[in-house]
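Notes follow the structure.
The figures that follow rest on heavy atoms only: side chains count, while hydrogens, waters and symmetry mates do not. A, B, ... follow the sequence lines: proteins, then strands. Residue 1 opens every chain.
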Protein chains: 2
Amino acid sequence: MSSASPTLATPPVKRSFREQMHQAREDAIVAAVNRLLAEKGFEAMTVDEVAAEVGIAKASLYKHFPSKEDLAAAAMVKVMQRAQSFLDGLQARPGLTPLQRLREVARWTMEVQLAGEMPSLPSENSSLRAALAASKPYVDGLMDVSDRLGGWIVEAQADGSLNTSLPPIAVLYTLYARACDPVLGFLKASGQYGTEQIIEMVLSTCFDGLRQR
Amino acid sequence: MSSASPTLATPPVKRSFREQMHQAREDAIVAAVNRLLAEKGFEAMTVDEVAAEVGIAKASLYKHFPSKEDLAAAAMVKVMQRAQSFLDGLQARPGLTPLQRLREVARWTMEVQLAGEMPSLPSENSSLRAALAASKPYVDGLMDVSDRLGGWIVEAQADGSLNTSLPPIAVLYTLYARACDPVLGFLKASGQYGTEQIIEMVLSTCFDGLRQR
DNA sequence: GTCTATACACAGATAGAC
DNA sequence: GTCTATCTGTGTATAGAC
């Protein structure tokens, strides 16, 4: 968004390079936070671990992000952006039915979780909750995603492919919950199934239910 | 299990009374731990909070339980025992089909969770995990519950009421996961539905699936 | 067994040199 | 902006009187 100051003698190229380095460093930080957040959750993750994984001093982290909460919030925003990008890609495929889109979204969240990149959600009274609620990019992203999914949900109910007796918000929350469903980890830990099999099974239980059809 | 020593002059009644007091105190402790475990999880729960809620000094807690992990493990064992008692009650009702039994189990776990009494499961690398794996009562209880549910699952698949393309273990894990499904909390927080409505909706998504039947 | 007081460890955050 | 060194609070656990 910001351009190099024209009054300075330093060439814009150099400033851009430094900004690129800065951005790359922050990306590395956010990626490490994301991974640790998925692995152990916000409370159990320590800033020392983040610093160690990135390979910089802890004090340097605090030059980039003012607190542990902001660190985690940045990772959550990043995940939300990835989700938005995925929805963009889905919307660009006109051949899909609304139900197919919802199914693809669920599949994507499960893939992200099995890749160890889906942060587990903070408990109700966590300090992270306040930070997320105060983060405009996060809240805006969440609302955007919810709106788009909500649109597909009502469309799928209108065309008769989705259970019409469920309120759309219940469907929406059910899809969100699949992103952190521990069933994936349980089945993975059992060692009997590959990631693709696991995802197919959980997708089946989610959309088709446990009862025989 | 233990009886008063016959060589002592103190009447057995008194010893029994003190044991009752002791047991009542421990029950109060476990109940508080259970509630806090459900509310904020193992990492965020502090022993100070437990002591404050029970109304005794922190050091007294450590006379009853040697560590925070043992404290939490005791609460988990208690929950497992409650589950076993519930299964006992279900088995005593011969009129129920296997599918109905499974549905009642899912309903019970959701009721417990909405009552704020279902501890959230520890993350993969938590110190609580090791304590639970080392707790014979817990592991035994978990295996007993799994065996009984597993029996009903294969019965329900045999009588054609449960999806036969799913491995029984996937069904089992799916039921376990419903016990800590965040959807319940989401819907509760939305303020639009009562607990009974919420449970019916989640039961529907679990057994009937999101797709229209 | 219950208490007060305290030891010990560690996590989040900062100071200040470079 | 990065580092080393440090401050500060807090959480688990224990000592020791009663």
Expressed as a whole number of angstroms, how long is the span from [X]:[atom1] to [N]:[atom2]?
| X | N | atom1 | atom2 | answer |
| --- | --- | --- | --- | --- |
| A:I56 | D:dT2 | CD1 | P | 6 Å |
| A:Y62 | D:dA5 | OH | C1' | 16 Å |
| A:E43 | C:dG12 | CD | P | 10 Å |
| A:E69 | C:dA13 | CD | P | 6 Å |
| B:K58 | C:dC8 | NZ | P | 15 Å |
| B:D70 | D:dT12 | CG | C1' | 13 Å |
| A:M45 | C:dC10 | CE | C1' | 16 Å |
| B:D48 | C:dT4 | CG | C1' | 14 Å |

Point to revise | Lys/Arg N to Asp/Glu carboxylate O, B:E117 vs B:R82, below 4.0 Å | key: yes
Review point. With a 4.0 Å cut-off, would you call B:R107 and B:E200 a salt bridge?
Key: yes
Among the candidates [options], find the nucleotide nearest to the side-chain atoms of [X].
| X | options | value |
| --- | --- | --- |
| B:H64 | D:dG11, C:dT2, D:dT2 | C:dT2 |
| B:A57 | D:dT12, C:dG12, C:dT4 | C:dT4 |
| A:A59 | C:dA11, D:dG11, D:dC3 | D:dC3 |

Review point. Using a cut-off of 4.0 Å on non-hydrogen atoms, how would the nucleic acid contact of B:M21 be classed: base, sugar-phosphate, or nothing?
Key: nothing
Exercise for review: Taking the six-membered ring of B:F42 (Phe, Tyr or Trp), confirm whether the NZ or CZ of B:K68 is under 6.0 Å from its centre and within 45° of its axis.
Suggested key: yes
Look at [X] and [N] and indicate whether a side-chain polar atom (N or O) is within less than 4.0 Å of OP1 or OP2.
| X | N | answer |
| --- | --- | --- |
| A:R18 | D:dG1 | no |
| A:H22 | D:dG1 | yes |
| B:S60 | C:dC3 | yes |

Practice item. Classify the side-chain pair A:R101/A:Q91 by whether it contains a donor and acceptor separated by less than 3.5 Å. Key: no
Review point. Hey, is the side chain of B:K68 pairing donor to acceptor with the base of D:dG11 inside 3.5 Å?
Key: no
Review point. Taking A:E53 for the side chain and A:V50 for the main chain, is one N or O donor matched with an acceptor at less than 3.5 Å?
Key: no
